[in-house]
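Order of appearance sets the numbers: ligands from 1, and atoms from 1 within every ligand.
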Amino acid sequence: MLGLMMDKPLLISSVLNYAAKYHGGTEIVSRTVEGAIHRYNYADAEARSKKLAQALQRLGIGDGDRVATLAWNGFRHFELYYGVSGMGAVCHMVNPRLFAGQISYILDNAEDKIVFADLTFVELLEQIAPDAASVKAFVVMTDEANMPDTSLPNVHCYETLLAVEDGDYDWPQFDENTASSMCYSSGTTGNPKGVLYSHRSTVLHAWAAMTPDMLNIAAADAIMPVVPMFHVNAWGIPYAAAMAGAKLVMPGAAMDGESIHAMIEDEGVTISAGVPTVWLGLLDYLERTGKTVEKFKYCVIGGSAAPRAMSVEMEEKYGVHVLHAWGMTEMSPLGTVNWPKHGMEGESDEDRYNRQVKQGRPCYGIDMKIVNDVNESLPEDGEAFGELKVRGPWVCSEYYRGEGDNHDADGWFATGDVATIDSDGYMHVTDRSKDVIKSGGEWISSIELENIAVGHPGVFEAAVIGVTHPKWDERPLLVVVRNEDSEVTAEELLTYYVGKVAKWWIPDDVAFVDELPHTATGKLLKMDLRNSFEGYELPTG
Ligand code: AMP
């Protein structure tokens, strides 16, 4: 017997429609690349997203066509998220930090028909345009006054396109499993692979993201995604904020400590989310200026491991609680967030900071397990570690065009992360499977060693890689960027590990560098680091 309830499809347009109706006056504030701060509200955003949908129709975009964006977090990008998906086309967020060759590959693989770009990326597009065979038109996301002189063929101005539309448009209704948007996975090896989200997966993910044990977003909040909209949907915040009716603050291209601090304070931001590097910048700015933050309560940190020292500094100096989160492009992206459970009220500060090092628990909708080399499940005792597998309604079932596959016969997706899961369900990423250091047949967690190193006051950033060793196969080498004015020595750093990890985990040596290589999404590029330290002679070798 079937239930007798309404079968209303979960469509992205319904999220904005809700925000416009019930939180129409709530602000969306953006720092634009043209310089000024732009303000409007959810009602304005829906009206303009409808005009955008009309403009797309006029440009020949139909159901399922891919429309690419190369843009920062801002109100026009927000309109593209809703206007493109809402009309039944696929919004493809391209990461402009990738190499031009990779961007060409991605545009070609997705067969994008139109590319929308912020002013900042017009030059980059000019390089790529001759190879972009599928692209029929380019749109610069600005007004007439700021339109650049450009060699781009068939180029339009965003504001001019919208100006001729009347906004008299009803969002079409269709199957919630229709493709809505896509992102390519960062892929530190091989070509990036397309992840194709659906309306249903996006709405369910946003619903989950809003809940108290995930991003905890309420209508009274002001949330600022520093994590870019071109990377993993800004962790779903452009959807979840609208669903909650929260004020949305978009930092644009300015992600330095001073600009982030200004947005937090001027706009009364209560929750923000970003990768650890961004928060290093903010903490450094606060330390140098003696400034504080007033309403900022929760800082969601993910994309790379949030070091313990960062949670301690945020909490003790500035009263900001760190929420360690983990996810992937393939997971929309949220998998886990670290909140306490009932019964943990009495936990000491030390216990809390130790817990916060873990990436957290999944919410309803995500199922996880860890497996060994032959795909047997391992105990969830906080000790055993193995490859982390996941499944759920906002996890990809395959890659676009069936390229590569990380799914097993039972449909679990292999994340490529190595982790432990404890009896309370808290997951702790110990490494990427290709970064784990294999010493004498045992595994050493590079992330844990890095976390400890950045706890030393003389260390700005640290990476630990495996270096070939004649006896042990591999041994850890700590690569460090010192803090300005720090003269910390290798010996001091190695001594710092004593008592914090097993003796055989302590790195064999320390190398000091001016900077560490990062991927386009801010993760340590360990492959490059391993290449530059190839043949490195360890003192123990
Ligand atoms: P991306 O698809 O670019 O978001 O990359 C996903 C990968 O980032 C994951 O598979 C992890 O390796 C890494 N990652 C994300 N969040 C964390 C975290 N909190 N701690 C450690 N690694 C993380």
Residue-level breakdown please: for [X] versus ligand 1, do any non-hydrogen atoms fall below 4.0 Å on the side chain, on the backbone, on both, or on neither?
X	value
Ser185	neither
Met328	both
Thr329	both
Ser304	backbone

Exercise for the section: Under the salt bridge (Lys or Arg N to Asp or Glu O under 4.0 Å) rule, collect the residues that match up with Asp65, sequence neighbours excluded. Expected result: Lys113
Taking N or O atoms only and a 3.5 Å limit, does [X] qualify as a polar contact for ligand 1?
X	value
Trp326	no
Ile301	no
Gly303	yes

Does atom [atom1] ([X]) have a neighbourhood of more than 12 heavy atoms from anything else shown, all under 6.0 Å?
X	atom1	result
Lys295	NZ	no
Asp381	CG	yes
Glu515	CD	no
Trp505	CH2	yes

Handout entry: ligand 1 atoms in contact with Ala325 (distance to a heavy atom under 4.0 Å)
Key =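 Selected atoms, number and element: 16 (N), 18 (C), 19 (N).
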Fill in the blank from the handout: For His199, the ring-ring contact (aromatic ring centres under 6.0 Å, His included) test, sequence neighbours excluded, returns Phe174
